K.L.:
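Just passing along the structure, written as structure tokens.
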Amino acid sequence: TVLTMALALGRADAVQAPPYRFHTEWAKLSAMDGRRLSTPVDQNVDVAVLWLIPSAGYYTYGHEAGEEGMPLSVSVLADGAPLPQDAVQIQYPRGRESRSADGAVSRHLYGPSPVFIIFRQHETRAVTLSISLLACSAQHCFPVRDTILLPAAPDSLPNAANAPWSAEL
């Protein structure tokens, strides 16, 4: 492998960690808490949280990227096809506004950032999350496209209102 060759040549610095890792978790959102969403839900629903975890020194653009950058995008696919919009709702983090030297306004995500995937109907099968973002550091930016498997939600889920990230939902 590349890592083995780099270590054999004494060049551990030649191999870099990927700019982003992804982690998922599940919770149950009550109908009462679901009323405050931008598109309210009126029943208890399952919520998957996709964590975007940058390597040190990296950031990405928000879904509403602003005047620069590539917007963060997450799609949910089952059996290779996107789930219908009435079955799933994605809530992206807003991001922090910043201005470039020429005055362009953008929204950036720094540090671990949650993307909330609200399943309006209980999904009994595993689905695929297709993730697209622009990973940036002080030196460069490059697109990241990845897919990860989101296992089906377990039967028993913790209450989203008790999760440390609930205020961001």
Side-chain angles (χ1 to χ4, degrees), residues 2-3 13-27 29 33-41 45-120 123 126-151 153 160-161 163-169:
V2 174
L3 177 59
D13 63 328
V15 178
Q16 295 181 351
Y20 269 85
R21 293 181 300 117
F22 307 104
H23 170 75
T24 58
E25 63 182 276
W26 283 99
L29 181 67
D33 292 329
R35 289 186 194 127
R36 63 186 168 94
L37 296 175
S38 59
T39 302
V41 294
V45 293
D46 297 342
V47 176
V49 182
L50 168 64
W51 286 97
L52 312 174
I53 305 167
S55 294
Y58 280 91
Y59 66 93
T60 191
Y61 288 84
H63 180 66
E64 295 180 12
E67 299 174 50
E68 295 182 332
M70 181 177 101
L72 165 65
S73 177
V74 176
S75 301
V76 182
L77 304 120
D79 302 324
L83 286 180
Q85 287 185 336
D86 63 343
V88 66
Q89 172 180 333
I90 299 176
Q91 299 266 134
Y92 293 95
R94 186 157 165 74
R96 190 168 60 202
E97 189 175 290
S98 65
R99 289 191 182 277
S100 66
D102 65 358
V105 178
S106 299
R107 293 203 163 276
H108 296 142
L109 302 174
Y110 298 95
S113 301
V115 175
F116 301 102
I117 303 162
I118 298 134
F119 289 84
R120 294 183 165 275
E123 183 60 56
V127 296
T128 301
L129 302 180
S130 177
I131 306 157
S132 175
L133 58 83
L134 188 64
C136 296
S137 71
Q139 290 80 34
H140 58 269
C141 290
F142 58 93
V144 172
R145 289 179 176 76
D146 205 350
T147 57
I148 63 169
L149 183 67
L150 176 64
W165 43 258
S166 66
E168 296 182 59
L169 180 58

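Just so it is clear, the structure is predicted and the values come from calculations on it, not from any experiment. Throughout, numbering of the chain's residues begins at 1 and tracks the sequence.
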K.L.:
Quick one: does Glu123's side chain get under 4.5 Å of Leu83's, heavy atoms only?
P.N.:
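The answer is yes, as the side chains (C-beta and beyond) meet within the 4.5 Å cut-off.
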K.L.:
Given Asp33 and Leu169, is the side chain to side chain contact (heavy atoms under 4.5 Å, CB included) satisfied, shown in steps?
P.N.:
CA-CA 9 Å; Asp33 292 329; Leu169 180 58; over 6 Å; no
K.L.:
Determine whether Leu133 and Leu109 make a side-chain contact, defined as any pair of heavy atoms from C-beta on separated by less than 4.5 Å.
P.N.:
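Contact flag for Leu133/Leu109 side chains = no.
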K.L.:
Would Gln89 and Val45 satisfy side chain to side chain contact (heavy atoms under 4.5 Å, CB included), going step by step from the backbone distance to the final call?
P.N.:
CA-CA 11 Å; Gln89 172 180 333; Val45 293; over 6 Å; no
K.L.:
With the side chain counted from C-beta on, respond yes when Val127 and Ile117 share a heavy-atom pair under 4.5 Å apart, and no when they do not.
P.N.:
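When only atoms from C-beta onward are counted, Ile117 and Val127 do not touch, as no gap falls below 4.5 Å.
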K.L.:
Work out which heavy atom in Ser166 is nearest to a heavy atom in Ala161; give both atom names and the distance.
P.N.:
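Of all heavy-atom pairs spanning Ser166 and Ala161, the closest is OG-O, 3.4 Å.
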K.L.:
Can you tell me how far apart CD1 (Ile131) and CG (Asp146) are? Round to the nearest 0.5 Å.
P.N.:
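Interatomic distance, Ile131 CD1 to Asp146 CG, rounded to 0.5 Å: 6.0 Å.
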K.L.:
If we only count heavy atoms from C-beta on, is the Leu29 to Leu37 side-chain gap below 4.5 Å?
P.N.:
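SC-SC contact between Leu29 and Leu37 confirmed.
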K.L.:
Looking only at heavy atoms, what is the nearest atom pair of His63 and Leu72, with distance?
P.N.:
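Taking His63 first and Leu72 second, the nearest heavy atoms are ND1-O, 2.7 Å.
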K.L.:
Using a cut-off of 6.0 Å, state whether more than 12 heavy atoms not belonging to Glu64 lie near its atom CD.
P.N.:
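Incorrect, the count does not exceed 12.
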K.L.:
Is there side-chain contact between Val74 and Tyr92, with heavy atoms separated by less than 4.5 Å?
P.N.:
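The answer is yes; the side chains approach within 4.5 Å.
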K.L.:
Which pair of non-hydrogen atoms, one from Pro143 and one from Leu134, has the smallest distance, and what is that distance?
P.N.:
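Looking at all heavy atoms of both residues, the closest pair is N-CD1, 3.6 Å.
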K.L.:
How are the rings of Phe22 and Tyr20 set to each other: parallel, tilted or perpendicular (split at 30° and 60°)?
P.N.:
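Taking Tyr20 first and then Phe22, their aromatic rings lie parallel (interplane angle under 30°).
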K.L.:
If you apply the rule side chain to side chain contact (heavy atoms under 4.5 Å, CB included), what do you find for Thr39 with Ile118, and how did you get there?
P.N.:
CA-CA 10 Å; Thr39 302; Ile118 298 134; over 6 Å; no
K.L.:
To the nearest 0.5 Å, tell me how far His140 NE2 sits from Tyr58 OH.
P.N.:
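Rounded to the nearest 0.5 Å, the NE2-OH separation comes out at 3.0 Å.
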K.L.:
Would you give the length of the straight line joining atom OG1 of Thr147 to atom CG of Leu77, rounded to the nearest 0.5 angstrom?
P.N.:
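So the OG1 of Thr147 and the CG of Leu77 are separated by 9.0 Å.
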K.L.:
Could you tell me if the side chain of Tyr61 sits less than 4.5 Å from the side chain of His108, heavy atoms only?
P.N.:
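Of all side-chain heavy-atom pairs linking Tyr61 with His108, at least one is under 4.5 Å.
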K.L.:
Tell me the closest heavy-atom pair linking Pro151 and Ala126, and the distance in Å.
P.N.:
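Looking at all heavy atoms of both residues, the closest pair is CA-CB, 4.0 Å.
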K.L.:
Under the criterion side chain to side chain contact (heavy atoms under 4.5 Å, CB included), I'd like the reasoning laid out for Glu68 against Asp102: C-alpha separation, chi angles, the key distance, then a yes or no.
P.N.:
CA-CA 11 Å; Glu68 295 182 332; Asp102 65 358; 4.1 Å; yes
K.L.:
Looking at Trp51, Trp26, Trp165, which hits ring pair (Phe, Tyr, Trp, His ring centres under 6.0 Å) with Phe116?
P.N.:
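Of all the options given, the one that passes is Trp165.
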K.L.:
Are any non-hydrogen side-chain atoms of Glu168 and Val49 less than 4.5 angstrom apart?
P.N.:
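No; the side chains remain at least 4.5 Å from each other.
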K.L.:
To the nearest 0.5 angstrom, please state how far the CG atom of Leu50 sits from the CD atom of Glu25.
P.N.:
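Going from CG on Leu50 over to CD on Glu25, the span is 10.5 Å.
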K.L.:
Do Thr60 and Val144 come within less than 4.5 Å of each other through their side chains, counting heavy atoms only?
P.N.:
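Of all side-chain heavy-atom pairs linking Val144 with Thr60, none is under 4.5 Å.
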K.L.:
Okay, side chain of Ser106, backbone of Ser98: is any donor-acceptor separation there less than 3.5 Å?
P.N.:
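Not a single qualifying donor-acceptor pair exists.
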K.L.:
To the nearest 0.5 Å, what is the distance between SG (Cys141) and CE (Met70)?
P.N.:
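Reported value, rounded in 0.5 Å steps: 10.0 Å.
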K.L.:
Of all heavy-atom pairs between Val41 and Arg120, which one has the smallest distance, and what is that distance?
P.N.:
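What the structure gives for the nearest pair is CG1-NH1, 3.2 Å.
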K.L.:
Taking all non-hydrogen atoms of both residues into account, name the closest pair between Pro54 and Pro112 and its distance.
P.N.:
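Shortest heavy-atom contact: CD-N, 3.8 Å.
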